[in-house]
Undergrad: 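Shown below is the structure under consideration.
Worth knowing before you read on, the calculation uses all heavy atoms, side chains too, and leaves out hydrogens, waters and symmetry mates.
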Amino acid sequence: MEFNKKYYEEQFEQLIELGRIVKSGASFKIKLFLKKAENSLQIAEFHKNIKPNKDQPEKIYWDYWAITISYYSMLYAAKAAILSKGYETKDHNSTQIALGYLMVPDEIEKEYLELLNMSYKIFEDEYVKYFEDAKRESYIARYSAIKTYTERRLNEIFENATKFIAKISLILQDEV
């Protein structure tokens, strides 16, 4: 599905009206959220790589948490990025909408960043898709009775979280 910036803009405005996205000057939280994201990613990696012994829960239960923690690491990084634009979000869905609206540049913004040799600051819509995918899988892992994950799928979610956090850290490097 192609990224629809107009949709994100409309949703963003509605969520502001509902108070689920609010203006904020709490830029000191940017560094705190990034640190929380990076440390959570390390904890997710620990869960992903654990080889449980016979006295510990089966590997599948560690995988659930690896996916959930990977998603939350992305959530914290997203909250840092959104704060850098002067807003805070109140829930997961509003975070996804604010991320897409505030961080994905339109074509004119992309050209401007490329012209200034700042293309590293371009947050592509694929990162919003990584966030949405991890959010969905985290929800399933938390609320379904059972779902098995292949090692490939678990690694994909973790790798996407790693790329997501690295990209936001790179974009925000001048602000922290």
Undergrad: Working to the nearest 0.5 angstrom, can you tell me the gap between Ile157 CD1 and Ile67 CD1?
TA: 4.0 Å
Undergrad: Within the side chain of Ser169, is there an N or O that forms a donor-acceptor pair under 3.5 Å with the backbone of Ile165?
TA: yes
Undergrad: Checking ring-ring contact (aromatic ring centres under 6.0 Å, His included) against Tyr101, which of Tyr7, Phe12, Phe123, Tyr8 comes through?
TA: Phe12
Undergrad: Looking at Ile140 and Ser144, what are the two nearest heavy atoms and their distance?
TA: O-OG, 2.7 Å
Undergrad: I'd like to know if Leu41 and Phe46 are part of one continuous hydrophobic network [Ile/Leu/Val/Met/Phe/Trp/Tyr, side-chain heavy atoms within less than 4.5 Å].
TA: no
Undergrad: Verify side-chain contact (heavy atoms from CB on, under 4.5 Å) between Glu159 and Glu156, making sure each step is shown before the conclusion.
TA: CA-CA 5 Å; Glu159 288 167 19; Glu156 177 185 21; 5.7 Å; no
Undergrad: Would a single hydrophobic cluster contain both Leu18 and Ile16, if residues Ile, Leu, Val, Met, Phe, Trp and Tyr are joined by side-chain heavy-atom contacts under 4.5 Å?
TA: yes
Undergrad: Report yes if the side chains of Lys167 and Glu124 come closer than 4.5 Å at any heavy-atom pair, otherwise no.
TA: no
Undergrad: What distance separates Asp133 CG from Ser138 OG, expressed to the nearest 0.5 Å?
TA: 11.0 Å
Undergrad: NZ of Lys90: more than 12 outside heavy atoms within 6.0 angstrom?
TA: no
Undergrad: Between Arg153 and Glu137, does any NZ, NE, NH1 or NH2 come within less than 4.0 Å of an OD or OE carboxylate oxygen?
TA: yes
Undergrad: So, Lys129 and Asp125, do they make that salt bridge, N to O below 4.0 Å?
TA: yes
Undergrad: With rounding to the nearest 0.5 Å, note down the distance linking CD1 in Ile82 to CD1 in Ile97.
TA: 10.0 Å
Undergrad: Is there a donor-acceptor pair closer than 3.5 Å between any side-chain N or O of Lys79 and the backbone N or O of Thr89?
TA: yes
Undergrad: Is it the case that the ring center of His92 lies less than 6.0 angstrom away from the ring center of Tyr71?
TA: yes
Undergrad: NZ of Lys35: more than 12 outside heavy atoms within 6.0 angstrom?
TA: no
Undergrad: When you look at Tyr127 and Asn160, which way does the side-chain contact (heavy atoms from CB on, under 4.5 Å) test go after all the steps?
TA: CA-CA 8 Å; Tyr127 293 100; Asn160 288 346; over 6 Å; no
Undergrad: Between atom OG of Ser73 and atom NZ of Lys36, what is the distance when rounded to the nearest 0.5 Å?
TA: 12.0 Å
Undergrad: Under 3.5 Å, is there a donor-acceptor pair between the side chain of Gln56 and the main chain of Asn53?
TA: yes
Undergrad: Would you name the heavy atoms of Ala77 and Ala37 that are closest together and state the gap between them?
TA: N-CB, 3.7 Å
Undergrad: Dump the intermediate steps for side-chain contact (heavy atoms from CB on, under 4.5 Å) on Asn93 and Arg20, then the final yes or no.
TA: CA-CA 9 Å; Asn93 291 334; Arg20 291 173 50 197; 3.7 Å; yes
Undergrad: Tell me if the aromatic rings of Tyr61 and His47 count as close, with their centers under 6.0 Å from one another.
TA: no
Undergrad: Can you see whether Tyr87 engages Lys23 through a side-chain donor-acceptor pair at a distance of less than 3.5 angstrom?
TA: yes
Undergrad: Is a donor on one side and an acceptor on the other found under 3.5 Å between the side chain of Ser84 and the backbone of Ala81?
TA: yes
Undergrad: Report the distance from atom CG of Leu34 to atom CG of Leu83, rounding to the nearest 0.5 Å.
TA: 10.0 Å
Undergrad: Take Tyr139 and Arg136 through the side-chain contact (heavy atoms from CB on, under 4.5 Å) test and state the conclusion after the steps.
TA: CA-CA 5 Å; Tyr139 181 88; Arg136 182 178 43 255; 5.8 Å; no
Undergrad: Could you tell me whether Glu9 and Lys6 have a side-chain N and a carboxylate O separated by less than 4.0 Å?
TA: yes
Undergrad: Grab the two heavy atoms, one from Pro57 and one from Pro52, that are nearest each other, plus how far apart they are.
TA: O-CB, 3.3 Å
Undergrad: Taking all non-hydrogen atoms of both residues, which atom of Trp62 and which atom of Glu58 are closest, and how far apart?
TA: CD1-O, 3.2 Å
Undergrad: Is it the case that one hydrophobic cluster holds both Leu32 and Met74, taking links as side-chain heavy atoms less than 4.5 Å apart, direct or via other members?
TA: no
Undergrad: With the side chain counted from C-beta on, respond yes when Lys135 and Thr95 share a heavy-atom pair under 4.5 Å apart, and no when they do not.
TA: no
Undergrad: Heavy atoms, side chains only, cut-off 4.5 Å: are Leu75 and Phe131 in contact?
TA: yes
Undergrad: Measuring from atom CD of Glu132 to atom CG of Leu99, what distance do you get when rounded to the nearest 0.5 angstrom?
TA: 11.0 Å
Undergrad: Is it true that atom CH2 of Trp65 has more than 12 heavy atoms of other residues, nucleotides or ligands lying nearer than 6.0 Å?
TA: no
Undergrad: Any link between Leu154 and Ile69 through a network of hydrophobic side chains (Ile, Leu, Val, Met, Phe, Trp, Tyr) touching at under 4.5 Å?
TA: no
Undergrad: If two hydrophobic side chains count as joined below 4.5 Å and joins carry through other members, does Phe28 share a cluster with Phe33?
TA: no
Undergrad: Please find the pair of heavy atoms, one from Ser40 and one from Tyr76, that lie closest to each other, and give the distance.
TA: OG-CE1, 3.5 Å
Undergrad: Less than 4.5 Å apart, any side-chain heavy atom of Lys29 and any of Glu88?
TA: yes
Undergrad: Would you find a donor on one side and an acceptor on the other, under 3.5 Å apart, between the side chain of Lys48 and the backbone of Asp63?
TA: no
